[in-house]
Participant: 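One structure is given below, represented as structure tokens, and several questions about it will come after.
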2 protein chains.
Amino acid sequence: MPEKNAAGHRGPGRTPTGHDVAGAAGVSQATVSLVLGGKWEGRVSPRTAETVRAAARALGYRPNLAARTLRMGRTRTALLVVPALTGEFFAAVHQGAVEVATAHDFGVVLYPSPEGVERAPDPFASARTALDGVIASSMAPEALATLRGAGLPLVMLDSDEGACDAVVGVDVADGMRQVTAHLLAAGHRHVAHLAAEVDSWTFAVRESALREALRAQGGAVVRTGRAPLSVRGGLAAATRLLTAEGNGPAPTALVCDSDLLAAGALKAARRLGLRVPEELSVTGFDDLMLATAVEPELTTVRLPAERVGAAGMRALLAVLEGERVETARLPVHLVARGSTGPCPTTR
Amino acid sequence: MPEKNAAGHRGPGRTPTGHDVAGAAGVSQATVSLVLGGKWEGRVSPRTAETVRAAARALGYRPNLAARTLRMGRTRTALLVVPALTGEFFAAVHQGAVEVATAHDFGVVLYPSPEGVERAPDPFASARTALDGVIASSMAPEALATLRGAGLPLVMLDSDEGACDAVVGVDVADGMRQVTAHLLAAGHRHVAHLAAEVDSWTFAVRESALREALRAQGGAVVRTGRAPLSVRGGLAAATRLLTAEGNGPAPTALVCDSDLLAAGALKAARRLGLRVPEELSVTGFDDLMLATAVEPELTTVRLPAERVGAAGMRALLAVLEGERVETARLPVHLVARGSTGPCPTTR
DNA sequence: CTGAAAGCGCTTACAG
DNA sequence: CTGAAAGCGCTTACAG
């Protein structure tokens, strides 16, 4: 009978329940539930309702989520499956906490507090039971296998997977088309592609879209290199790409599948004594913070990350309501910066 | 009576309960609970136990977490409170999902799938009810106010707050001492400090530790600039710092409170025609991915982020067991790279 | 307008 | 070795 937790927290005595509130207000527990659940109008007198609210406030009552969930059969919780959070500080903090938690059969709910002056949502709103559905990135395939069998509503992000209830896509193909148009307008015709060595839908699309767009408009991919998705990987692969000989015309532009690779490419160019953008143009993809930290700043494609998350959640809510959900494909746009310039006439 | 959810998922019929397993195995529901809970030895015959396990497997039984939580009074869930995830792609995806979810009174459980070949923990292990305790960064003060009143066990990260049950610190003061020693050994005596304009414990410590260490060893902070925690902010503040006149001796080294600020400082130096590290040394803090993406690569201080998370979780588990928890202070170390060099003799 | 009662799916004494 | 029963705290028909 857990009247308090092991460390004696939650102050003196038990956590108040609806029954306690009922006692304090002189009504039944059912009435408390009705009032606090906002379903009292026409069923409880306004005066009684106010009494109940006052009692709840006085006791610091918080409804027990487990009980509500058990009764309702709905958890109001979604699972967001993403690739390991991009390698920054708090992502790693979270990872470490999850590892220990998992070993102790504990779960970790992450609550990213909003920046600046935005309203702070109640942290406790994030804390719920089990799952009603899943929103998953196509970049986390191992996790997907586990999820598939669960029979939960599933929304895929950035994928063309059929085995799910809705898809929220990002128009990366159009992003590559915009990159292509930008380079062709600057006179480039011979492009090298620094591709991510990652087996996922989004990178397959980037590759085919780039080839197609170039061919359609009179340019060509003259070389392709592959690298693991990191600055180091980009540096090594770009060095190989830029020093390869006898493989047809030398590229005047290097299109990278990600800003990470592009940052590596910038380092490679510098070490090879190639000036960017005078002698070589470089483009990234994603518009990470990195893109404006390096010099020159990267011409890249901005992806509407927050909108992807929002659209994914909306799609899941719609699926749960039994509504039909159209496949969304969110627009992206090119951000031209200093890493691209006119095609050098001599090379 | 929610036999299936609104969209008709979970396959045919109801989600199986312990009672269904009991029926299939020809035992009581209590026996099922004992067996599946691992508490059957000496109470249930091995044969019966095996029958139960087989039936559970056949039905695809998963215990209802809400029911278990309600019965146990423990949720086995921790809340990790951090500042908005550092501005990379999936952090923003998460943010967007949380916003919509919150508006619909939904929670979002984040499950970062592990990179590479590491074992993939069961995604469902992360999905739990309510909270047993909280692990919080001192950089999310607004959220803390809400948490304070809840009476939950609280572990603070990187803080000296007294109003909590345990503290897991990072020895940032020692990090600044290592930076100082590194610069003094290279001959620098006049240091400018590019401080983060963030009101949190960790930055207060960085500032005082730097001043103290320099003074103790014959150097001095000759100028201090403050900037919002971003590359842009660092660029602007570093430009002011490096062009200020008549404020005593010119600095030969710029110590930054974060890699973001240092990346901005590098940009400022380049625009002012100052070569790094020949004419100016720059140091960062945190060792983000950014640190090796920029040129020259940043001399910085590596923080054991994963260990912070792990130690925080461990501390919370200990608090929940009613154990005394000592304040930890995890070590950090300097990573020397290309952005620092010998003090220029002429300036 | 208000209360008594059922039941969500578990775990754990308690009988046998 | 196994089962019947209580009860965790809610929500929601159903009576009155």
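Chain naming here is simple, since letters A, B, ... match the order of the sequence lines and numbering starts at 1 in each.
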Participant: Is there a side-chain contact between B:Ser45 and the phosphate of D:dT2, meaning an N or O under 4.0 Å from OP1 or OP2?
Facilitator: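 For B:Ser45, the contact criterion (side-chain N or O under 4.0 Å from OP1 or OP2 of D:dT2) is met.
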Participant: As a test of understanding, state which of B:Val44, B:Val27, B:Thr51, B:Thr48 forms a side-chain contact (heavy atoms from CB on, under 4.5 Å) with B:Val35.
Facilitator: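 Between B:Val35 and the candidates, side-chain contact (heavy atoms from CB on, under 4.5 Å) is satisfied uniquely by B:Val44.
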Participant: Please write out each protein N/O paired with an N/O of nucleotides 12-16 of chain D under 3.5 Å, distance rounded to 0.1 Å.
Facilitator:
{"from": "D:dT12", "atom 1": "OP2", "to": "A:Lys39", "atom 2": "NZ", "distance (Å)": "3.0"}

Participant: Given Watson-Crick or G-U pairs with both distances under 3.5 Å, what dot-bracket string fits DNA chain C, with | for other-strand pairs and [ ] for crossing?
Facilitator: |||.||||||||.|||
Participant: If you measure from the Lys or Arg side-chain nitrogens to the Asp or Glu carboxylate oxygens, is any gap between B:Glu326 and B:Arg314 under 4.0 Å?
Facilitator: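 Salt bridge: no.
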Participant: Looking at B:Thr48, I'd like to know whether one of its side-chain N or O atoms comes within less than 4.0 Å of OP1 or OP2 on D:dT2.
Facilitator: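 Yes, B:Thr48 has a side-chain N/O under 4.0 Å of OP1/OP2 on D:dT2.
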Participant: Start at the 5' end of DNA chain D and walk down; is the nucleotide closest to B:Leu70 or to B:Ser28 reached first?
Facilitator: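 Looking at the nearest nucleotide for each, B:Ser28 comes out on the 5' side.
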Participant: Determine whether A:Leu70 and B:Asn64 make a side-chain contact, defined as any pair of heavy atoms from C-beta on separated by less than 4.5 Å.
Facilitator: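 A side-chain contact under 4.5 Å exists here.
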Participant: If I compare all heavy atoms of A:Pro16 with all of A:Leu59, which pair ends up nearest, and what's the gap?
Facilitator: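 Heavy atoms only, the tightest pair is CG-O, 3.3 Å.
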Participant: How close or far is atom P of D:dC8 from atom CG of A:Asp20, stated in whole angstroms?
Facilitator: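 Roughly 11 Å, once rounded to whole Å.
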Participant: Look only at the side chain of A:Asp165 and the backbone of A:Val155, and say whether a donor-acceptor pair between them is shorter than 3.5 Å.
Facilitator: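 No, the answer is negative, given that no donor and acceptor are paired below the 3.5 Å cut-off.
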Participant: Which nucleotide in the list D:dG3, D:dC10, C:dC1 gets nearest to the side chain of A:Pro63?
Facilitator: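 Of the options given, the side chain of A:Pro63 lies nearest D:dC10.
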Participant: So, B:Ser33 side chain and B:Gln29 main chain: donor-acceptor pair closer than 3.5 Å or not?
Facilitator: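 Here the side-chain-to-backbone pair does not exist.
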Participant: Start with the C-alpha distance between B:Leu36 and B:Arg53, add both sets of side-chain angles, then the distance that settles side-chain contact (heavy atoms from CB on, under 4.5 Å), and finish with yes or no.
Facilitator: CA-CA 7 Å; B:Leu36 268 25; B:Arg53 273 193 290 262; 4.1 Å; yes
